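All remarks here apply to the structure that follows.
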Amino acid sequence: MKREDGKYAFASHFDPATGFYCRTGVLDENGHDTGVDPFMAEFPELLDIGVMGHCAHGLSGECARAGIQCYQSGATVHQDNMALDDFRWIVDQSRGRVFQFALGGRGDPELHSDFEEMLAYSRDNGIVPNLTTSGFLLDGKRAALIAKYCGAAAVSWYRTEHTLRAIDLLLQAGVRTNIHFLLGGDTVDEAIGLLQGDGLPQGVNRVVFLLFKPVGQGRQDNVLVPDDSRVATFFRLMDTDRGLRIAGFDSCSVPAIINHTSVIDRNAFDTCEGARFSAYITPDMKLLPCSFDQEMRWAFDLRAGGASIAEGWESPGFEDFRSRLRDACPHCAQRSLCMGGCPIRPEIVLCKNRHEYRACRESA
Ligand code: SF4
Ligand code: SF4
């Protein structure tokens, strides 16, 4: 699938069969690539959709017992799940513009009562759905639906017997299956062990490391800091043969990738794409630059009369979010690759040179 962005003069390509994605640099008037990365797209290419408003496992305390600090506050917040009509409204506006949906929210998306209809409607309209699950209640029937419609699935690494059973069910069904590993102060030693060769289930496509953020039930004391020597140890392992073969990371980790790796191709990743190439929609239809904006600082209400996703994308709140990426770290040589990292939680940015971090150290 190819998409040409008339407003920001670039083209992007997505292969629904493999998940391969690439985009050109900004094109000049003759269609030649200038080599300059486009800052944003005219409409999100990826939508993260919170179809789930509440989580049975969170309310039962199951996740907390597994040591999970839910950023969606699944243990205390109960919202209605997204209505099928709202989901269809999103698809209708995304047709021909969005390549992929990432289904999630406060709970496991395969437990939504309209799960199959949502998957089928996405596919019928040329959009590839993907999802993340804890796997607690995954069964063979739901795994088969995921195999039929989804590009890939990720199982959150909760280290329970459910985790291994869910991975097994998905692999047996033929799903490209990743592990989502939350990388924080309490797990970085285990992550180092995984990259050095311990304990990855057979058949898994990749283990994707997601940087911990102190959002929702996430505790501040679990945030990794740039001075922690384990941060350098971990990210340097990304440069090894095993790291390059089995690992992936979220764009929130890009400052650390820039500071600690040298082999990973700088053309192969992008920094925070919130409000630039992706956005999140809550179960009650708020458009956010990123799902971690749980305080709704940049929210645009899609239920306001006549509102559209395009209007939210162009809203002053989204423009304010972008300005933080545009203006961060003006003197850094890596600025165009990194843009200062996370606008929502600057304390997660793993860079000793970021101005907030330096100011904090200087005043200590
Ligand atoms: S100084 Fe800012 S832009 Fe440069 S690498 Fe650090 S966080 Fe990124
Ligand atoms: S806004 Fe922050 S949490 Fe969200 S994708 Fe960007 S860096 Fe990650």
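One-based numbering, in listed order, for ligands and for the atoms of each. Computed from a predicted model, the values in this text were never measured in an experiment.
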Has G340 got any heavy atom lying under 4.0 angstrom from an atom of ligand 1? yes

Which of the ligand 2 atoms, numbered from 1, are nearer than 4.0 Å to a heavy atom of K213: 3 (S)

Taking only non-hydrogen atoms of C252 and a 4.0 Å limit, the atoms of ligand 2 in range are 3 (S), 5 (S), 7 (S), 8 (Fe)

Do [Y] and [X] meet the salt-bridge criterion of a basic N to acidic O distance under 4.0 Å?
| X | Y | result |
| --- | --- | --- |
| D168 | R165 | no |
| R219 | D221 | yes |
| D239 | R236 | no |
| E295 | R345 | yes |
| R3 | E42 | yes |

Measure F321 to ligand 2 on non-hydrogen atoms and call it side chain, backbone, both or neither using the 4.0 Å cut-off. side chain

Counting only heavy atoms closer than 4.0 Å, does ligand 2 sit against the backbone of E273, its side chain, both, or neither? neither

Under 2.8 Å from atom 2 (Fe) of ligand 2, is there an N/O/S atom belonging to C342? yes

Does the residue C272 have a heavy-atom contact with ligand 2, meaning some pair of atoms that are separated by less than 4.0 Å? yes

Within less than 2.8 Å of atom 2 (Fe) of ligand 1, any N, O or S from C351? no

For residues Y21 and F101: do they belong to one hydrophobic cluster (side chain heavy atoms under 4.5 Å, members Ile, Leu, Val, Met, Phe, Trp, Tyr)? no

protein heavy-atom neighbour closest to atom 4 (Fe) of ligand 2 works out as C290 SG, 2.3 Å

Option with minimal heavy-atom separation from atom 8 (Fe) of ligand 1, where the choices are C338, S336, A256: C338

With salt bridge (Lys or Arg N to Asp or Glu O under 4.0 Å) as the rule and sequence neighbours excluded, what pairs involving residues 95-107 come up? D92-R95

